[in-house]
Amino acid sequence: MSFARVEEVFKLNEGERVRLRGWVYNARVQGGLAFIDLRDSTGIVQVTIKKHELKNPPFESIVNELKREASLSLEGYVRHDPRAPNGVEILCESLEIIGKSEEYPIRKGVGTKFLLDHRHLYLRRQKFQAVLKIREKAVEAAEEWFRMNGFHLVHCPSFVIAACEGGATLFNVDYFGKVVHLTQSSQLYLEAAIFGLEKVYTIQPSFRAEKSKTKKHLTEFWHIEAEVAFATHEDIMNYEEDLVSYIVNKVVDESQKELELLGRQFEKPKRPFLRLTYAQAVELVNKKGIKMNFGDDFGTDAEKLIANSIDRPAFVMFFPVSTRAFYHMPNPEDPNLTLSSDLYAPGEGEITSGGQRIHDLDLLLRRLKEYNLNPEDYKWYIDLRRYGSVPHAGFGLGLERLVKWITGVNHIRNTVPFPRTPFRVYP
RNA sequence: GCCGCCCUAGCUCAGCCCGGUAGAGCACCCGGCUGUUAACCGGGGGGUCAUGGGUUCAAAUCCCAUGGGCGGCGCCA
């Protein structure tokens with residue numbers, strides 16, 4: 001007889017024989033009667049062991065080994081009993097301890113630091129697995145969407161020379177005696193790729209050496225980035241809307257069990273997404289009592305305010321040049337503004353950033369100078385504007401921020417198995 | 001980078017203001033228990049009070065420094 005999965009047990013009939021294997025989620029022993037909550041990757045079921053009905057081994061020989069997280073395999077039969085959680089249990093006839101367990105450190109009441117220090121064990125928690133499954137589903141959906149829409153996957157390097165978002169936030173790496181950096185974004189490399197493949201994307205980690213102590217920053221995060229030849233700012237917003245909708249809809253359709261386990265009520269977002277200009281957003285923020293000037297970027301409070309005043313995802317468009325990186329295309333209607341936008345998720349905040357890139361050689365050179373960047377570091381990037389340059393646009397989506405929005409977890413580090421933050425690289 | 005807070009038993013915390021040689025709950029160990037759901041009942045062991053220095057007759061407690069971390073801001077995906 002092959003091993004069944006825990007989730008299958010609930011569909012079996014009274015008296016059916018099953019073999020199971022998994023881990024002890026919790027155990028309660030009282031004299032000659034023991035209860036185990038047995039966990040596998042599909043769920044938890046109660047296993048009942050009665051001293052006189054356990055055929056092997058002797059009850060006394062295993063009862064002291066039924067500790068939390070011990071691994072075991074067992075055979076028994078299905079019983080429908082209202083006293084069991086969810087009305088179903090396995091009455092155990094034989095059992096083998098595969099791996100004993102020491103005193104398991106994770107239990108109710110432990111603190112944040114302790115859980116982070118024991119992340120390698122915390123992964124076993126059901127709710128955490130639900131988040132990881134949703135994350136997996138989101139990536140699957142993104143890959144599907146890119147393929148359906150004619151995008152090519154391009155993997156980009158993690159070791160880089162030049163900054164993309166600003167020099168202060170670069171990690172240094174000793175590269176055979178030479179200082180190089182970990183990439184902050186694959187955008188510049190994807191821009192190179194569009195001249196062959198036209199529509200490209202990547203899903204890979206980006207690194208930021210910012211000591212950001214917030215619930216929405218990691219030093220290493222997974223970045224979904226896309227770049228499209230001949231695309232305008234308008235085009236790229238449409239792509240973003242379609243991609244985000246596709247991902248979210250697929251998660252809602254196919255990860256309902258996980259969302260329920262997390263107690264998360266999540267509605268598919270209405271379309272079309274809202275579109276407001278930077279100027280409108282500033283006005284909204286000021287009207288609701290947070291003072292900011294035209295030309296300022298949105299602070300945390302302003303971002304929260306915007307995120308809480310929308311009933312669906314919203315683009316904030318046309319940020320001033322002063323708030324953006326060097327490569328953003330100026331808006332022809334107002335050169336102080338850029339053809340760029342951030343996408344805000346309701347209740348969450350910024351999850352993507354994108355826009356049209358400068359494709360004109362002279363303008364790019366001028367901008368590098370204005371931003372005090374060394375053109376030598378961007379030689380190859382500038383080169384792209386010398387050989388058949390075309391208008392193009394792209395965006396970056398923070399996978400963890402997207403997952404945080406969908407799952408409603410309280411901190412971005414709970415969207416990734418082993419979070420990297422300014423003060424944590426262990427485990 | 002800035003501001004605030006925390007570090008006492010394996011874990012969660014009380015004790016600190018007003019200095020006088022350390023306490024609870026849970027976990028663990030032993031015993032009991034055939035319907036538990038974070039099982040329960042009885043008994044037991046367990047701490048150089050983060051580290052270093054200072055003040056004092058006396059420091060977990062007051063002061064300084066260092067380390068580790070948490071929360072918020074800034075920055076951004």
Side-chain angles (χ1 to χ4, degrees), chain A residues 25-37 44-54 59 63-64 66-68 79 81-87 89 91 102-118 164-169 183-187 203-225 240 244 296-304 319 323-325 342-345 348-354 395-405 410-413 415-416 421-426:
Chain A
Y25 182 73
N26 192 24
R28 299 167 292 282
V29 178
Q30 40 180 331
L33 180 66
F35 299 98
I36 303 169
D37 299 324
I44 294 175
V45 68
Q46 175 165 290
V47 173
T48 301
I49 307 174
K50 295 185 175 177
K51 184 175 176 177
H52 300 299
E53 299 191 42
L54 183 68
F59 187 82
V63 73
N64 288 326
L66 299 180
K67 293 178 179 169
R68 297 179 59 215
R79 287 203 44 195
D81 190 318
R83 294 170 296 186
N86 301 314
E89 66 178 18
L91 190 69
E102 299 177 12
E103 185 190 338
Y104 194 63
I106 294 181
R107 62 178 69 88
K108 287 252 159 133
V110 294
T112 307
K113 180 181 189 299
F114 189 84
L115 286 176
L116 288 169
D117 284 339
H118 294 81
C164 186
E165 301 292 334
T169 66
T183 185
Q184 299 168 306
S185 161
S186 298
Q187 179 195 321
I203 303 177
Q204 64 183 90
S206 285
F207 305 87
R208 304 273 165 94
E210 274 289 350
K211 289 191 176 174
S212 303
K213 300 164 67 66
T214 76
K215 292 178 176 177
K216 46 178 290 195
H217 289 268
L218 294 169
T219 53
E220 175 178 2
F221 68 97
W222 280 72
H223 216 166
I224 300 178
E225 293 178 277
E240 286 180 61
V244 169
D296 294 344
D297 208 342
F298 302 104
T300 299
D301 291 340
E303 181 184 351
K304 277 182 197 156
F319 280 78
T323 65
R324 298 305 243 195
D342 289 350
L343 181 62
Y344 281 63
E348 181 59 38
E350 186 184 342
I351 58 168
T352 84
S353 187
F395 66 89
L397 164 66
L399 175 62
E400 287 81 8
R401 289 187 181 177
L402 178 73
V403 174
K404 180 170 180 282
W405 171 44
N410 66 335
H411 199 295
I412 194 166
R413 65 184 167 221
T415 65
V416 59
T421 58
F423 298 101
R424 181 171 293 280
V425 286
Y426 174 93

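Since the model is a prediction, treat every value here as computed from it, not as a measurement. Letters go in sequence order (proteins before strands), and every chain restarts at 1. Computed from heavy atoms alone, side chains included, the values below leave out hydrogens, waters and symmetry copies.
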Check: protein-nucleotides 25-28 of chain B nitrogen or oxygen pairs below 3.5 Å:
from	atom 1	to	atom 2	distance (Å)
B:A27	O2'	A:Glu103	OE2	2.7
B:A27	O2'	A:Arg107	NH2	3.1

What's touching nucleotides 65-67 of chain B from the protein side, N or O pairs under 3.5 Å?
none

Between the protein and nucleotides 73-75 of chain B, which nitrogen or oxygen pairs are less than 3.5 angstrom apart?
from	atom 1	to	atom 2	distance (Å)
B:G74	OP1	A:Thr300	N	3.1
B:G74	OP2	A:Thr300	N	3.2
B:G74	OP2	A:Thr300	OG1	2.2
B:G74	O6	A:Lys213	N	3.2
B:G74	N2	A:Glu210	OE1	3.3
B:C75	O2	A:Ser212	OG	2.7
B:C75	N3	A:His217	NE2	3.0
B:C75	N4	A:His217	NE2	3.1

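With C1' as the reference atom, B:G25 and B:A38 are 13 Å apart, rounded to whole Å. To the nearest whole angstrom, the two C1' atoms, one in B:G53 and one in B:A59, are 13 Å apart.
Listed by chain and number, the residues in a salt bridge (Lys or Arg N to Asp or Glu O under 4.0 Å) with A:Glu53 amount to none (sequence neighbours excluded). Residues that satisfy the side chain to side chain donor-acceptor pair (under 3.5 Å) test with A:Glu220, not counting sequence neighbours, are absent from this structure. With sequence neighbours left out, A:Val425 forms a side chain to side chain contact (heavy atoms under 4.5 Å, CB included) with A:Arg420.
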Next item on the list: Take A:His217 and A:Ile412 through the side chain to side chain contact (heavy atoms under 4.5 Å, CB included) test and state the conclusion after the steps.
Entry: CA-CA 7 Å; A:His217 289 268; A:Ile412 194 166; 5.7 Å; no
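A:Lys404 has a carboxylate O that lies under 4.0 Å from a charged side-chain N of A:Glu348, or vice versa, which qualifies the two as a salt bridge.
The side chain of A:Lys50 has B:U34 as its nearest neighbour among B:A77, B:U34, B:C70. The side chain of A:Arg208 lies closest to B:A77 when the candidates are B:U36, B:G69, B:A77. The listed nucleotides are B:G68, B:C76, B:G35; the one nearest the side chain of A:Gln46 is B:G35. Closest to the side chain of A:Phe114, from the set B:C11, B:G35, B:A77, is B:C11. Of the candidates B:G71, B:C76, B:A77, B:G71 carries the atom nearest the A:His411 side chain, counting heavy atoms from C-beta on.
Side-chain N/O atoms of A:Glu89 and base N/O atoms of B:G35 include a donor-acceptor pair closer than 3.5 Å. Judged by distance alone, with hydrogens and angles left aside, A:Arg79 brings a side-chain donor or acceptor within reach of the base of B:G35, the pair sitting under 3.5 Å.
Cation-pi contact between A:Arg324 and A:Phe319: present, with separation from the ring centre below 6.0 Å and deviation from the ring axis of at most 45°.
An OP1 or OP2 oxygen of B:U34 is reached within less than 4.0 angstrom by no side-chain nitrogen or oxygen of A:Arg28.
Across all strands shown, B:C17 has no partner, as no Watson-Crick or G-U wobble contact with both distances under 3.5 Å is found. B:G25 is paired with B:C11 under the criterion used here, namely a Watson-Crick or G-U wobble arrangement in which both key atom distances are under 3.5 Å. Judged by Watson-Crick or G-U wobble contacts below 3.5 Å, the nucleotide B:C73 has B:G1 as its partner. As the counterpart of B:C62, B:G54 is assigned, both hydrogen-bonding distances of the Watson-Crick or G-U wobble pattern falling under 3.5 Å.
By the criterion of a centre-to-centre distance under 5.5 Å and near-parallel planes under 30°, the ring of A:Phe35 forms no stack with the base of B:G35.
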